[in-house]
2 protein chains.
Amino acid sequence: MTATYRDVKADILDKITQGIWPPGSLVPNETDLARSYDCARATVNRAMRELAEDGIIERRRKAGTRVRMAPVRQARFAIPIVRAEIEDQGAAYRYALVRRDIRAAPDWLRARLNLRDGGRVLHLVCMHYADGAPYQHEDRWISLDLLPKAAEADFTATGPNEWLVAAMPFSNAEISFLAVQADASLADHLGCAAGDALFRTERSTWWEGQAITFVRLTFRRGHRMTAQY
Amino acid sequence: MTATYRDVKADILDKITQGIWPPGSLVPNETDLARSYDCARATVNRAMRELAEDGIIERRRKAGTRVRMAPVRQARFAIPIVRAEIEDQGAAYRYALVRRDIRAAPDWLRARLNLRDGGRVLHLVCMHYADGAPYQHEDRWISLDLLPKAAEADFTATGPNEWLVAAMPFSNAEISFLAVQADASLADHLGCAAGDALFRTERSTWWEGQAITFVRLTFRRGHRMTAQY
DNA sequence: AGGGGCATTAAGTATAGACATATCTGCAAC
DNA sequence: GTTGCAGATATGTCTATACTTAATGCCCCT
């Protein structure tokens, strides 16, 4: 019946939320806590390490551990593949390729992805439907410098997203969320009025410092992205 | 010169990104890895536990550890206090209370927060400015059932957000991101045209199952929220 | 053939002890 | 006063070992 690291973590969190250890105060050191919970120091260490990761406490060698003044509030968003997102909602997924061309990267894209002069890119426009209704508009640019195979891939049946996670499963990315007004083309594809406010995510993806792809995903009217924390 | 858990983690990640252990494949078990890195099993365990948290691998007792087919892509967003967000950008922060009233919770709010019938709420409308320009419009509802002190707090000088993190530092929340069209009032406050697309976050906050507050934060035109991952 | 139970296996967690590393504090030298 | 060094101390990490827990898959019984 000795304390597990979960017990210790829960108890410490309790002491903090109940104000016994108020924000800014110094938490007892690991050795003392281990004694008071009658467990090994490693157990206390794991509990506290996780609390620090959660943004509840702040730890510094020698200085000790203190309760954060304002806990760092952070939310984790899972970035799903559209197909999975739609199917998880119990809707039928359908995909369509709207447009495909290969060209020199436009200036704005070169700037964004640090592409070399004269780099060629594959530009794709696709639509994703849920139960037949427009769900998401995808405007994607893939660097052919890094991924020449993309030029031969067939994107008429499956979306570039799925192809890319298979081709380059591990990469870094920067994602932004913003709001845009529907232009005529978006309004047409997404079945809304021009001028409607739409939710958009933009993502640049990199692999070992090299740009792979940039994508704009624009959602149907009224879409919201939600997370718990 | 024995391997640290960081070394092990980095090496395993390397093997995965370089395709030596392709997606779906089974990773050697902890005992074998410990032997091959010449370290304790606990060291391998920590490395693999972190990789699992990062969504790179998937672990199941007895079944072993496998490389995920598609790594779970997830982004962490820090949810800042507006003041800090603005000041971090090097801009001067200014706050203004636009409106304050106490009333019975409207139906839509009662439904959203599971408030009891006839629950009273404090309704605040505030503006946050960066270098004098409108930055964010805040439309906040605070449950007076749970936080009666809020009725006496002075929100003319500092925003409710800062008051709330001091009053209720630890709580759960649900956050949504969406796009809205500016109505006349928003357009006026944020200095944009009616109909403009604006980025909005909505957040409901709870403490021990009780609703504390609901807030709509609408940002100035062109705002984007960004995260790396 | 089908179903139940048990052995086996891999991860999950705990422990005591040790050493590493960062950094705060006070004291001493300039 | 300021700088720099040394000691003290809290966290960070590793090891070796042991026990726990979940799940697979095989064997045996029906």
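What you see below is based on every heavy atom in this structure, not just the backbone, and it leaves out hydrogens, waters and symmetry mates. A note on names: the letters A, B, ... follow the listed sequences, proteins ahead of strands, and every chain is numbered from 1.
Considering only the side chain of A/Tyr5, C/dA14 comes nearest among D/dC14, C/dA14, D/dA10. Side-chain atoms of B/Thr43 lie closest to D/dT15 of the nucleotides D/dT13, C/dG12, D/dT15. Residue B/Ala40 has its side chain nearest to D/dT15 when only D/dT13, D/dT15, C/dA16 are considered.
Using a 4.0 Å heavy-atom cutoff across all strands shown, A/Arg41 reaches at least one base atom of the nucleic acid. Residue B/Thr31 is out of contact with every strand shown, counting any heavy-atom pair closer than 4.0 Å. Residue contacts for A/Arg66: at a heavy-atom cut-off of 4.0 Å it reaches no nucleic acid atom on any strand shown.
A centroid separation of less than 6.0 Å is found between the aromatic rings of B/Tyr135 and B/His223. A/Trp206 has its ring centre no less than 6.0 Å from the ring centre of A/Phe214.
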Please write out the pairs of protein N or O atoms and N or O atoms of nucleotides 22-25 of chain C separated by less than 3.5 Å, giving the distance to one decimal.
from   : atom 1 : to      : atom 2 : distance (Å)
C/dA22 : O4'    : A/Arg61 : NH1    : 3.1
C/dC24 : OP1    : A/Arg60 : NH2    : 2.5

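Rounded to an integer number of Å, the gap from A/Lys9 NZ to C/dA14 P is 12 Å. Remark: P of D/dT11 and CG of A/Leu26 are 8 Å apart, rounded to the nearest angstrom. Rounded to a whole Å, the CZ atom of A/Arg6 is 17 Å from the P atom of D/dT20. Between B/Tyr37 atom OH and D/dT15 atom P the separation is 14 Å, expressed in whole Å. Straight-line distance from the CD atom of A/Glu30 to the P atom of C/dC19: 19 Å, rounded to whole Å. Going from atom CG of A/Asp7 over to atom C1' of C/dG12 covers 14 Å, rounded to whole Å. Rounded to whole Å, atom C1' of C/dG12 lies 14 Å from atom CD1 of B/Ile57. Atom CZ in A/Arg35 sits roughly 14 Å away from atom C1' in D/dA10 (whole-Å rounding).
For the side-chain hydrogen bond (donor to acceptor under 3.5 Å, both in side chains) test with A/Lys9, the passing option among A/Thr4, A/Asp54, A/Thr43 is A/Asp54; the others fail. The only option from A/Phe77, A/Phe219, A/Phe199 that meets the ring pair (Phe, Tyr, Trp, His ring centres under 6.0 Å) definition with B/Phe177 turns out to be A/Phe77.
Contact between the side-chain N/O atoms of A/Thr65 and the OP1/OP2 oxygens of D/dA10 is not found at any separation under 4.0 Å. A close approach under 4.0 Å does occur between a side-chain nitrogen or oxygen of A/Arg59 and OP1 or OP2 of D/dG12. Phosphate proximity of D/dG12 to A/Asn45: present, with a side-chain N or O under 4.0 Å from OP1 or OP2.
Of the possible donor and acceptor atoms, none in the side chain of A/Asp145 sits under 3.5 Å from a partner among the backbone N and O of A/Gly119.
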Take B/Arg6 and B/Glu50, measure what salt bridge (charged side-chain N to carboxylate O under 4.0 Å, His left out) needs, and give me the verdict at the end.
-> CA-CA 10 Å; B/Arg6 281 164 203 281; B/Glu50 291 196 1; over 6 Å; no

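Contact check for B/Glu162 versus B/Ile81: side-chain heavy atoms found under the 4.5 Å cut-off. The closest side-chain heavy-atom distance from B/Ile79 to A/Tyr229 is below 4.5 Å.
In terms of position along DNA chain D, the nucleotide closest to A/Met48 lies nearer the 5' end than the nucleotide closest to the other residue of the pair A/Ala42 and A/Met48.
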